[in-house]
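Take a look at the structure set out below.
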Amino acid sequence: MDKAISLKNVTHTYQANTPFAQNALDNVTLNIEKGEFTAIIGHTGSGKSTLVQHINALLKPTTGSLNVLGKVITPTTTNKNLKAFRKQVGMVFQFPEKQLFEETVIKDIMFGPKNYGATDEQARHSAEHAMKLVGLDHSLSNKSPFDLSGGQMRRVAIAGVLAMDPEILILDEPTAGLDPRGHNEIMDLAKYLNQQQHMTIILITHQMDDVVNYATNVVVMDQGQAVKIGPPDTIFTDLDWLRKMQLDLPSSAEFARKLESAGIAFDQLPLTVNQLVDRVAQLVGKKAAHE
Amino acid sequence: MQNIIEVNKISYNYPERSLLFDNLSLNVREGEWLALIGQNGSGKSTLARLIDGLLVLKSGAITVDGLPVNDENINEIRNRIGIVFQNPEDQFVGATVEDDVAFGLENRQVPREQMHEIVEKSLKSVGMWQFRERIPANLSGGQKQRVAIAGIIALHPKIIILDEATSMLDPQGRNDILQLVRDLKEDNHLTVISITHDIDEAAGADRVVILNQGQIIDENTPDGIFAQPQRLKQIGLDAPYPAKVIEALSRRGITSDKQYMNDEELIAWIKQLVSRM
């Protein structure tokens, strides 16, 4: 597989050369393949947001370099000529509905493509396609985005990013504050974009159940460092280490631990409901075979 | 137990919208922790705003601690109710943490000396005294909610309403805030109404009321409510974890007579299944 993102010894210092200098990223080296669904986890202040802001060059490394879709970003990279690059790396910030501003839904979604030089007609076409992707009914096009529900507003904001047809989509806690239905809709959208549209997805989240249910790859951040990288089943193994990282266990792993205390053994800690139930069914089935 | 809030046959609609509440009644008992659940748009937050007199009823009546909610009583009522909103950013007025907590007291013309004492006590009770000179904007989400709660505690309310107050926090922050409110509730004999769509938050309540499209469709203990995971799903809420396991087991042909079990019951049942020869 091709690399979508490659960081080499990236350090980012906030307020460099002042007494307040603080390393938000500390010598991070990591690769993300094209088409992967990567979850970035870590407690508040561990460097997750700083990391993803480098991926679309909103922040430049203090030292080290990145290669994102062939574009090399170094400490001396300037904001000149970054426009074409940023179109390829879509960024959905936390509470993106706060950035809605146009008088109609369709105008708000068209803003991005037009900003990148699309004609009205092209932009409208992209916007309508993006609305379909996020499941917004056509009839909402001419409504004010501010008359919509919270979940719908968030989808308008995400459609505004998708209308630019990015190759990489970064989602910074995209479901925070949504009700469970809204949560599932957004997560299923991310899955669809990844599996059907082959978009590379980067998800910052605090919800470990989303990590095990959706991600193929996990980056654990702690004190500005990428301390563990790998598929979900390699991340949730060392319980003491997870506690030290202030990370929760997925619900099924948590429940399996309680079952273990009650004397039911697991060869491997289950991470999803299906994994847990498969093991239980296996144990029950085995006994049944002896009867 | 006595009712501290009585919502009696109220009707309400937002301007140019159809009726959200039509003849809704609900009592809140003094000292209870009531979870009000329902998906976005079900009317949970609107109800809180009507109780606090932030919105005006079309018909019906609400009394808070014996006082009818009306223009005359509005200040008294707001002294008795503290609301913690979803987004702490929206509720800061002070330049420093200390100023922010003092704001409500200044508004009520509390003498200066007394004010210092109350601010100190309130900030200490939420574990934020050492942050008193900080700028609220530079605090974490959980810290901001603590400061917001300190501002409420300073006014000695009888009722705290958490309006999705933990939904923007990470899991650690959420647990910390809920524990803090539980402690404050005990120490200050408060009544708590928590408006939430977080099933785990509702699980800690004494009583759960489900609001759907402006109507109360059920009220029960948390276990009683969770016993119908299908209905929770139908109205867009998450099923509690044990319900998901029970459903997945039944898809594999392992079924129980019971519709719902809590964690302990489910563990006991699985143990029994596995050990049965």
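Reckoned from all heavy atoms, side chains included, excluding hydrogens, waters and symmetry mates. Just so it is clear: chains get the letters A, B, ... in the order the sequence lines come, proteins before strands, and each one is counted from 1.
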Contact class of [X] relative to chain B, heavy atoms under 4.5 angstrom:
| X | answer |
| --- | --- |
| A/Asn274 | both |
| A/Ser261 | neither |
| A/Asp209 | neither |

Measuring from atom [atom1] of [X] to atom [atom2] of [Y], what distance do you get when rounded to the nearest 0.5 angstrom?
| X | Y | atom1 | atom2 | result |
| --- | --- | --- | --- | --- |
| A/Asp248 | B/Gln172 | CG | CD | 7.5 Å |
| A/Ile264 | B/Ser275 | CD1 | OG | 8.0 Å |
| A/His183 | B/Asp238 | NE2 | CG | 8.0 Å |
| B/Lys271 | A/Leu283 | NZ | CG | 13.5 Å |
| A/Asp179 | B/Asp198 | CG | CG | 11.5 Å |
| A/Glu173 | B/Met168 | CD | CE | 10.5 Å |

Has [X] got more than 12 heavy atoms of other residues, nucleotides or ligands less than 6.0 Å from its [atom1]?
| X | atom1 | answer |
| --- | --- | --- |
| A/Glu260 | CD | yes |
| B/Ile135 | CD1 | no |
| B/Gln213 | CD | no |
| A/Arg257 | CZ | no |
| B/Gln215 | CD | no |
| A/Gln223 | CD | no |

Note to self: Under a 4.5 Å cutoff for heavy-atom pairs, which residue among A/Ser252, A/Gly151, A/Ala176 has the most contacts with chain B?
What the structure shows: A/Ser252

Item checked: The single option from B/Leu266, B/Ile270, B/Ile267 passing side-chain contact (heavy atoms from CB on, under 4.5 Å) against A/Lys258 -> B/Ile267

Margin query: Do B/Tyr241 and A/Glu254 make a side-chain contact, defined as non-hydrogen atoms from C-beta onward lying under 4.5 Å apart?
Written below: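 B/Tyr241 vs A/Glu254: side chains apart.
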
Quick one: what part of [X] sits under 4.5 Å from any heavy atom of chain A, side chain, backbone, both or neither?
| X | result |
| --- | --- |
| B/Gln86 | side chain |
| B/Asp263 | both |
| B/Ile235 | backbone |

Notebook entry, point to check: Looking at A/Arg181 and B/Lys233, what are the two nearest heavy atoms and their distance?
Noted result: NH2-O, 3.8 Å

Margin query: Restricting to non-hydrogen atoms, name the atom on A/Pro180 and the atom on B/Gly236 that form the minimum distance, rounded to 0.1 Å.
Written below: CB-O, 3.7 Å

Check: B/Arg252 side chain to A/Val280 main-chain N or O, any donor-acceptor pair under 3.5 Å?
Finding: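 No, because the side chain of B/Arg252 does not come within donor-acceptor range (under 3.5 Å) of the backbone of A/Val280.
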
